[in-house]
Amino acid sequence: MSDNNNIRVLYVDDEENNLISFRAYFRKDYEVYTASSAAEAFRILDSVDMQIIASDQRMPVISGIEFLERTIEK
């Protein structure tokens, strides 16, 4: 286990395969959370403090930039 395991990372993407790949690659080094929509991501953020948030730009309801802007507001 790495010292980074206490770093929580949220990855938001509407493509399930990308979420699976991200989790598989980073799960050994970080505490990884994934969400397939902005709404799901906001529910996670309501209960878990994140150090890193990454988002796909092209999502169905809001863009990645809009999502990240809203996280700053919260």
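Keep in mind the model is a prediction, meaning the values are calculated, not measured.
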Discussion item. With rounding to the nearest 0.5 angstrom, report the CZ to NZ distance, R23 to K28.
Written reply: 14.0 Å
Worksheet item: What distance separates S36 OG from N18 CG, expressed to the nearest 0.5 Å?
Response: 12.0 Å
Item to complete: Evaluate side-chain contact (heavy atoms from CB on, under 4.5 Å) for F22 paired with D13, printing each intermediate quantity in order.
Response: CA-CA 10 Å; F22 186 90; D13 194 324; over 6 Å; no
Worksheet item: How are the rings of F42 and F67 set relative to one another: parallel (under 30°), tilted (30 to 60°) or perpendicular (over 60°)?
Response: tilted
Worksheet item: Should Y25 and Y30 be counted in the same cluster of Ile, Leu, Val, Met, Phe, Trp and Tyr side chains packed under 4.5 Å apart?
Response: yes
Worksheet entry | Y11 with I65, same ILVMFWY side-chain cluster at under 4.5 Å | no
Practice prompt. Please identify each residue that fulfils side chain to side chain donor-acceptor pair (under 3.5 Å) with R70, with sequence neighbours left out.
Written response: none
Worksheet item: Quick one: OG on S55 to CG on D14, what's the gap to the nearest 0.5 Å?
Response: 9.0 Å
Worksheet item: Which residue pairs satisfy the salt bridge (Lys or Arg N to Asp or Glu O under 4.0 Å) criterion with at least one member in residues 41-62, sequence neighbours excluded?
Response: D46-K74
Discussion item. If hydrophobic clusters are built by linking Ile, Leu, Val, Met, Phe, Trp and Tyr wherever their side-chain heavy atoms come under 4.5 Å apart, do L45 and L68 end up in the same one?
Written reply: yes
Worksheet item: How many angstroms lie between OG1 in T34 and CZ in F26, if you round to the nearest 0.5 Å?
Response: 13.0 Å
Worksheet, complete the sentence: Rounded to the nearest 0.5 angstrom, the CE-CD distance for M59 and E15 is 11.5 Å
Item to complete: Report the distance from atom CZ of R8 to atom CD1 of I53, rounding to the nearest 0.5 Å.
Response: 11.0 Å
Discussion item. Would a single hydrophobic cluster contain both L19 and I44, if residues Ile, Leu, Val, Met, Phe, Trp and Tyr are joined by side-chain heavy-atom contacts under 4.5 Å?
Written reply: no
Worksheet, complete the sentence: Nearest heavy-atom approach of L10 to A41 is CD2-CB, 4.0 Å
Discussion item. Is there a side-chain contact (heavy atoms from CB on, under 4.5 Å) between I52 and I7? Walk through the geometry before answering.
Written reply: CA-CA 8 Å; I52 300 171; I7 296 175; 4.0 Å; yes
